[in-house]
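Notes to accompany the following structure.
Values reported hereafter were calculated over all heavy atoms of this structure, with side chains retained and with hydrogens, waters and symmetry mates removed.
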Amino acid sequence: MAWNVEAFSRSLGGLSPETVRAYTGDVGAFVQWAARGGACQPADVDRLLLRRYLAYLSTRRHAPTTVARKAAALRCYFSWSARRGDIAVDPARRLSAPAGGARLPRVLDRGELTTMLDSPGAAHGPGPRRPEPQGGGPEAIRARDDAVLELLYGCGLRVSELCGLDRGDIDLKSRMVTVWGKGGRQRRVPMHDLCAGAVRRWLDQGRSHLAGAQSPPEAVFLNRVGRRLGPRDVRRLLDRRSPVPTHPHALRHSFATHLLDGGADLRIVQELLGHASLQTTQVYTHVSKERLLSVHGATHPRA
């Protein structure tokens, strides 16, 4: 019986393209490793073999988070195989790998955010400055960049969520944005006044200057050649606007951490971020605790 990796990959339609690629590659790598030991089909795999494989990955100096992801891919694959009837018993049920100490997300401080959001002329980061794109004119680019940054920080969107926004997802009257997140989960996130104003200026005054005959009419954000804005475009945008090297996801981290620092309930933050599990959101409590200890140590007279 074949491993049916391609069919497994097609079954992952509810996941993001990046997750589909990662899981498909992870299962393919396991198939190659298992074949060297004589396992030619899913029925040849038992739990001991899977544990040996995870141990092998650890000896190859894979990061603990990478090993944990590969374990998740194998759980998904063997669960799918069991549902299809390819195997009688799922050997990967409850298979786990220690995730290890994940790096705490970097949180932007107020000065960095002010420079990025309010003073683009002064923000060009370390090293050579990237030239400002000329397609559509600098004012249109400025309006788009303002709206992108406000949504990333003001609403905590993932980059893929922002790039996938359609005009019907934006409700400026109620100041809400409808977001399609991981696993096809939908959520509605409020926009504050500055964010809604930036999005309105882009849609009313900037977008038409970048749109062309081949532009997708439903896309909220366009790049300088009129195509839907992509993750690389967003990274280049941040290179121009941020005073320090910044990954787009740092804005989402900052959004969550600043909400918790301000007293927001963890479950509210979970809903705003679109996390399926509260456990995923709890990483931000560690960040806030670090900040709490730092402030306490710097301000209390007996600390």
Side-chain angles (χ1 to χ4, degrees), residues 13-20 113 116-117 120 133 135-136 139-242 246-256 259 268-276:
L15 302 178
S16 71
E18 293 79 8
T19 302
V20 172
L113 286 166
M116 186 186 306
L117 296 172
E139 291 303 316
I141 296 294
R142 165 70 188 269
R144 183 204 63 192
D145 293 358
D146 286 347
V148 165
L149 293 173
E150 289 288 358
L151 281 170
L152 288 175
Y153 174 63
C155 297
L157 302 191
R158 300 178 179 93
V159 175
S160 59
E161 294 169 345
L162 177 127
C163 294
L165 284 176
D166 289 335
R167 300 184 73 156
D169 298 327
I170 302 290
D171 185 347
L172 290 172
K173 184 176 180 180
S174 63
R175 292 185 303 154
M176 299 290 289
V177 55
T178 300
V179 183
W180 292 92
K182 289 184 176 180
R185 292 186 294 272
Q186 184 191 76
R187 68 186 189 277
R188 283 172 58 81
V189 182
M191 294 182 282
H192 57 69
D193 289 341
L194 289 174
C195 180
V199 173
R200 186 185 300 277
R201 281 191 297 276
W202 157 245
L203 291 176
D204 291 350
Q205 303 171 22
R207 188 183 184 283
S208 60
H209 294 284
L210 291 181
Q214 302 301 316
S215 297
E218 72 283 358
V220 171
F221 292 110
L222 304 173
N223 62 19
R224 64 187 182 89
V225 295
R227 300 192 184 97
R228 185 184 285 271
L229 196 73
R232 288 185 180 180
D233 299 311
V234 177
R235 285 193 288 272
R236 285 193 287 266
L237 182 165
L238 273 172
D239 285 344
R240 296 194 303 272
R241 294 282 293 253
S242 178
T246 302
H247 190 278
H249 216 62
L251 293 171
R252 177 172 161 89
H253 290 319
S254 301
F255 163 82
L259 284 177
I268 297 296
V269 177
Q270 175 194 1
E271 184 174 344
L272 292 172
L273 292 173
H275 287 160

Exercise. Take Val159 and His249 through the test side-chain contact (heavy atoms from CB on, under 4.5 Å) and record every step on the way to the result.
Key: CA-CA 7 Å; Val159 175; His249 216 62; 5.6 Å; no

Quiz item: Side-chain contact, heavy-atom cut-off 4.5 Å: Asp169 with Trp180?
Solution: yes

Self-check item: Val177 side chain near Arg188 side chain, heavy-atom distance below 4.5 Å
Solution: no

Self-check item: Flag if over 12 foreign heavy atoms under 6.0 Å of CZ, Arg187
Solution: yes

Exercise. Would you name the heavy atoms of Ala198 and Glu150 that are closest together and state the gap between them?
Key: CB-CG, 4.0 Å

Quiz item: Given side chains that start at C-beta, do those of Arg228 and Phe221 come closer than 4.5 Å, heavy atoms only?
Solution: no

Practice problem: Using the side-chain contact (heavy atoms from CB on, under 4.5 Å) rule, take Leu152 and Met116 through it: C-alpha gap first, then chi angles, then the decisive distance, then the call. | Solution: CA-CA 12 Å; Leu152 288 175; Met116 186 186 306; over 6 Å; no

Practice problem: Please indicate whether Gln214 has more than 12 foreign heavy atoms, meaning atoms of other residues, nucleotides or ligands, lying under 6.0 Å from its CD. | Solution: no

Self-check item: Asp166 side chain to Gly168 backbone, donor-acceptor under 3.5 Å
Solution: no

Practice problem: Flag the pair Phe255 / Leu272 as yes when at least one side-chain heavy-atom distance between them is below 4.5 Å, and no otherwise. | Solution: yes

Self-check item: Backbone of Arg227 reached by a side-chain donor or acceptor of Ser215 within 3.5 Å
Solution: no

Quiz item: Taking Arg142 for the side chain and Gly206 for the main chain, is one N or O donor matched with an acceptor at less than 3.5 Å?
Solution: no

Exercise. Please examine the side chains of Leu222 and Pro216, heavy atoms only from C-beta on, and report whether any two atoms are closer than 4.5 Å.
Key: yes

Practice problem: Drop me the distance from Arg240's CZ to Arg235's CZ, to the nearest 0.5 angstrom. | Solution: 13.5 Å

Self-check item: Check: Cys195 main-chain N/O paired with Arg175 side-chain donor or acceptor under 3.5 Å
Solution: no

Practice problem: For Arg167 and Val220, work out which heavy atoms get closest and say how close. | Solution: N-CG2, 3.5 Å

Exercise. Just do the salt bridge (charged side-chain N to carboxylate O under 4.0 Å, His left out) check on Arg236 and Asp233 with the steps written out, would you?
Key: CA-CA 5 Å; Arg236 285 193 287 266; Asp233 299 311; 2.7 Å; yes

Quiz item: Less than 4.5 Å apart, any side-chain heavy atom of Arg241 and any of Leu149?
Solution: yes

Quiz item: From Ser254 OG over to Leu259 CG, what is the distance, rounded to the nearest 0.5 angstrom?
Solution: 10.5 Å

Quiz item: At what distance, to the nearest 0.5 angstrom, does CD of Glu18 lie from OG of Ser16?
Solution: 4.5 Å

Practice problem: Enter the distance from Leu237:CG to Leu229:CG here, rounded to the nearest 0.5 Å. | Solution: 7.5 Å

Practice problem: Calculate, to the nearest 0.5 Å, the distance between atoms CG and OG1 belonging to Leu251 and Thr246 respectively. | Solution: 7.0 Å

Exercise. Determine the minimum heavy-atom distance between His275 and Arg158, stating which atoms define it.
Key: CD2-NH2, 3.9 Å

Exercise. Kindly give the heavy-atom pair with the smallest separation between Leu273 and Gly156, and that separation in Å.
Key: CD2-O, 4.1 Å

Quiz item: For Ala140 and His209, which heavy atoms make the closest approach, and how far apart are they?
Solution: CB-CB, 3.8 Å

Practice problem: For residues Leu165 and Leu151, determine if any side-chain heavy atom of one lies less than 4.5 Å from a side-chain heavy atom of the other. | Solution: yes

Quiz item: Hey, are the side chains of Tyr153 and Val148 touching, using non-hydrogen atoms and a 4.5 Å cut-off?
Solution: no

Self-check item: Minimal non-hydrogen separation, Ala143 against Trp202, with atom names
Solution: O-CB, 3.7 Å

Quiz item: Could you state the interatomic distance from OG1 (Thr178) to CD1 (Ile170), rounded to the nearest 0.5 Å?
Solution: 8.0 Å

